[in-house]
Asks: 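Right, I'll just put the structure down here and ask away after.
Residue numbers run from 1 in the order of the sequence given.
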Amino acid sequence: MEEHILPETDVAELELEAVIGFNGHVPNGLKCHPDQEHLIYPLGCTVLIQAINTNEQKFLHGHGNNVSCVAISKEGDYIASGQVTFMGFKADIILWDYKKRELIARLSLHKGKIEALAFSPNDLYLVSLGGPDDGSVVVWSVAKRDAICGSPAAGLNVGNATDVIFSRCLDEMFVTAGNGTIRVWELDLPNRKIWPTECQTGQKKRIVMSTGMADDDSFFYLGTTTGDILKMNPRTKLLADTGPTKDKFSLGVSAVRCLKMGGLLVGSGAGVLVFCKSPSYKPIKKLQLQGGITSITLRGEGHQFFVGTEESHIYRVNFTDFKETLIATCHFEAVQDIVFPFGTAELFATCAKKDIRVWHTMSNRELLRITVPNMTCHGIDFMRDGRSIISAWDDGKIRAFAPETGRLIYAINSAHRIGVTAIATTSDCKRIISGGGEGEVRVWQIGCQTQKLEEALKEHKSSVSCIRVKKNNEECVTASTDGTCIIWDLVRLRRNQMILANTLFQCVCYHPEEFQIITSGTDRKIAYWEVFDGSVIRELEGSLSGSINGMDITQEGGHFVTGGHDHLVKVWDYNEGEVTHVGVGHSGNIMGIRVSPGNQYIISVSADGAILRWKYPFAS
């Protein structure tokens, strides 16, 4: 790894151990490599290469923004990936060497977004399709890493082309399709031109969602938003047949794959996977999966295949018995919080939107999912005895769940007026301290069967963002977005000390010796404060851009970690106030970060739904 040189210091890189995450919204984003041993899929700005049997992961870093499409060459030597970017800027296509796992070339011509990519059957050419703001199709020479020619993708009176597929036999023919447009293109290499031919569909007007090409180029199939399939002949450019006439696929045909033995695998936006044949397209085999299907990728000839859905599930399906096995899951919304149970690093819990999930740390497997529909979970904490997960919800309730079964143990109704935004528990398991969107801090007494409000502490003027409790349970600190941190006496239930700063505080930590606290927030500064009188001891520049959203300190207090809008995980020396390690790998804003008990790992979570596990850099 190359060292990032920061002013006056050499900062080492954090070692990324594992990633839990898959962006299921990328059409055809999940690919099985021709070696049949690896899956390739996008997550934020990175492309992951994951071994199917061992789950070992490799990462392709290089894009500056989210990956929007992925393609693999027929032999598997090259991977191409395209990204989105800001309006008016060039969006890059990156050509990767699969074996060396490194960047070969950056191809930039398109503006705004790369919609789709395809390799020619002999790896000679790569064709790329620009997004709606670009609207052009470009053919690149793979060997010269340069553009050969380009052309507007669709005519003037039709919508945008959204998908491109190459012939399986000829290096000079490909098809683009989209809203009301289906075109077969011929590449004329001597004149560096591409010539389109519009396909005739007669009276049918369709918006194409997905495409599939037969192995011998005899036909290509188009899945539409209407829920039917068009079968076109690439030589005559005419419609061969269409179906199903009756029970169309609900929410559109979002994925189509042709099988060697004939027949089609079809995935719909309602999560139905079907094996069917032309011309009736009636389901011969059928499966219901979770989330709209966005990718179907064959392993080898198609005896086994993988399916990716919008809810970020990856399934393995054997063709003969047509049964699904869930092989990977992850959050598909922004992850809000991460927490470890007391004293163990074997498991951890995360929350995102309507889900709370418990994960096994070493295998990245999801052990439990708790779902409360249509609600948003803002924070979670484990009770010290490990018997319940306490969670804060935007409907103003505090809910407690059993960590083995996910059963609801109790709910405290209308705990806060404008949603519960932060939560913490005491180590004797008798109290919960919660913070709300209106700025109140409330102390709850938890008995065997009862939950009683002990005190409502009204000081903050705006939402409470973070709560930490002292080890002896006699004091806690709450950070708020009104620019104050308040240290509360939990015995007399009143304020001890108040800290003021011109920032929206996002996170706060007690130093293990509990005479100092460190805070951070939107002003990017990390401040150390004296607990006794609330005076500031020192301030550090925490990041170069954007807010700092997460912070955690080791049990000894020698180091702490931070993460925020700059997408970097930073490890700091507490006494020196200097960054020792930086972790690069997130592509969304980091929302939370924790050091595991025993200092083995750092786990950070981000707004693109990713969970990253880093090796803790110092021996404990």
Side-chain angles (χ1 to χ4, degrees), residues 1-2 4 23 26-31 33-35 38-50 57-86 88-131 133-151 153 163-167 171-172 174 176 185 187-190 192-194 584-585 587:
M1 291 281 187
E2 74 265 24
H4 287 280
N23 184 354
V26 175
N28 296 320
L30 177 70
K31 304 275 187 194
H33 192 271
D35 68 9
H38 293 84
L39 287 177
I40 294 163
Y41 55 90
L43 170 67
C45 318
T46 49
V47 178
L48 270 82
I49 302 174
Q50 178 166 328
Q57 294 171 321
K58 290 275 185 293
F59 313 101
L60 302 178
H61 296 294
H63 285 291
N65 208 320
N66 288 344
V67 175
S68 56
C69 53
V70 183
I72 303 180
S73 63
K74 193 171 181 180
E75 296 301 315
D77 299 338
Y78 300 106
I79 299 176
S81 56
Q83 67 172 60
V84 290
T85 181
F86 303 106
F89 287 88
K90 292 256 170 82
D92 287 351
I93 301 164
I94 297 184
L95 194 62
W96 308 91
D97 184 314
Y98 173 75
K99 291 196 176 63
K100 294 184 185 158
R101 312 278 203 264
E102 64 187 28
L103 186 148
I104 301 176
R106 264 179 208 279
L107 314 172
S108 44
L109 261 183
H110 295 288
K111 284 196 166 72
K113 178 184 178 184
I114 310 295
E115 198 75 56
L117 293 164
F119 279 97
S120 72
N122 300 317
D123 299 0
L124 295 183
Y125 312 115
L126 170 71
V127 60
S128 63
L129 188 59
D133 304 324
D134 181 80
S136 59
V137 56
V138 175
V139 178
W140 308 82
S141 159
V142 174
K144 296 189 180 135
R145 330 224 190 287
D146 195 18
I148 297 173
C149 57
S151 160
D163 208 351
V164 59
I165 188 168
F166 235 103
S167 144
D171 277 313
E172 284 76 35
F174 61 92
T176 62
W185 299 77
L187 172 65
D188 177 2
L189 194 63
R192 293 183 69 150
K193 285 270 193 307
I194 39 177
V584 184
S587 49

Asks: Could you go step by step and tell me if Thr176 and Phe174 meet the side-chain contact (heavy atoms from CB on, under 4.5 Å) rule?
Replies: CA-CA 7 Å; Thr176 62; Phe174 61 92; 4.1 Å; yes

Asks: Would you indicate whether the side-chain heavy atoms of His38 and Tyr98 approach each other to under 4.5 Å?
Replies: yes

Asks: Please evaluate residues His61 and Val584 with respect to the criterion side-chain contact (heavy atoms from CB on, under 4.5 Å), reporting the C-alpha separation (whole Å), side-chain torsions for both, the decisive distance (0.1 Å), and the verdict.
Replies: CA-CA 9 Å; His61 296 294; Val584 184; 5.7 Å; no

Asks: Please determine whether side-chain contact (heavy atoms from CB on, under 4.5 Å) holds for the pair Val139 and Trp185, giving the CA-CA distance in whole Å, both sets of side-chain angles, and the decisive distance to 0.1 Å.
Replies: CA-CA 11 Å; Val139 178; Trp185 299 77; over 6 Å; no

Asks: Evaluate the criterion side-chain contact (heavy atoms from CB on, under 4.5 Å) for residue pair Asn23 and Asn66; output intermediate values, then yes/no.
Replies: CA-CA 10 Å; Asn23 184 354; Asn66 288 344; 5.6 Å; no

Asks: On a heavy-atom basis, which atom in Ser81 and which in Trp96 lie closest, and how many Å separate them?
Replies: OG-NE1, 2.9 Å

Asks: Measure the spacing between CG of Leu187 and CG of Asp171 and express it to the nearest 0.5 Å.
Replies: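 Between atom CG of Leu187 and atom CG of Asp171 there are 9.0 Å.
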
Asks: Considering all heavy atoms of both residues, which atom of Lys31 and which atom of Ile72 are nearest to each other, and what is their separation?
Replies: CB-CD1, 3.4 Å

Asks: Whether the side chain of Gln57 engages the backbone of Leu48 through a donor-acceptor N/O pair (distance < 3.5 Å, no angle test) should be reported.
Replies: no

Asks: Quick one, Ile49 and Arg101 - any side-chain contact, counting heavy atoms below 4.5 Å?
Replies: yes

Asks: Give the minimum heavy-atom separation between Leu117 and Gly82, together with the two atoms involved.
Replies: CD1-N, 3.6 Å

Asks: Would you check if the side chain of Ser73 reaches a backbone N or O of Tyr78 as a donor-acceptor pair within less than 3.5 Å?
Replies: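 Such a contact is found between Ser73 side chain and Tyr78 backbone.
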
Asks: Kindly give the heavy-atom pair with the smallest separation between Val67 and Val26, and that separation in Å.
Replies: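 For Val67 versus Val26, the nearest heavy atoms are O-CG2, 3.6 Å.
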
Asks: Could you tell me if the side chain of Asn65 sits less than 4.5 Å from the side chain of Phe86, heavy atoms only?
Replies: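 Result yes, sub-4.5 Å side-chain heavy-atom pair found.
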
Asks: Between Asp133 and Lys111 (salt bridge meaning N to carboxylate O under 4.0 Å), is one present in this structure?
Replies: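 Answer for the salt bridge query: no.
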
Asks: Roughly how far apart are Asp92 CG and His110 NE2, rounded to 0.5 Å?
Replies: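 Asp92 atom CG to His110 atom NE2 measures 11.0 Å (nearest 0.5 Å).
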
Asks: Please report the shortest heavy-atom distance between Leu129 and Asp163, naming the atom on each side.
Replies: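 Shortest heavy-atom contact: CD2-N, 3.5 Å.
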
Asks: How long is the span from the CG atom in Asp188 to the NZ atom in Lys193, to the nearest 0.5 Å?
Replies: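 Answer for the CG-NZ pair, Asp188 versus Lys193, is 8.5 Å.
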
Asks: Is any side-chain heavy atom of Ile194 closer than 4.5 Å to one of Val127?
Replies: no

Asks: Given side chains that start at C-beta, do those of Pro121 and Lys74 come closer than 4.5 Å, heavy atoms only?
Replies: yes

Asks: State the CG-CZ distance between Leu95 and Phe119, to the nearest 0.5 angstrom.
Replies: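 These two atoms lie 5.0 Å from each other.
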
Asks: Rounded to the nearest 0.5 Å, what's the gap from CZ on Arg106 to NZ on Lys90? Could you check?
Replies: 13.5 Å

Asks: Tell me whether His33 contacts the main-chain N or O of Gly76 through its side chain, where contact means a donor paired with an acceptor under 3.5 Å.
Replies: yes

Asks: Report the distance from atom SG of Cys149 to atom CZ of Arg192, rounding to the nearest 0.5 Å.
Replies: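 So the gap between those two atoms works out to 7.5 Å.
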
Asks: Can you check whether Tyr125 reaches Leu189 side chain to side chain, under 4.5 Å on heavy atoms?
Replies: yes

Asks: Please check this pair: side chain of Ser68 against backbone of Ile114, looking for a donor-acceptor N/O pair closer than 3.5 Å.
Replies: yes

Asks: Taking Ser587 for its side chain and Cys45 for its backbone only, find out whether a donor-acceptor pair lies under 3.5 Å.
Replies: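 It does hold such a pair.
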
Asks: To check you understand the geometry: which heavy-atom pair defines the closest contact between Val142 and Leu126, and what is its length?
Replies: CG2-N, 3.9 Å

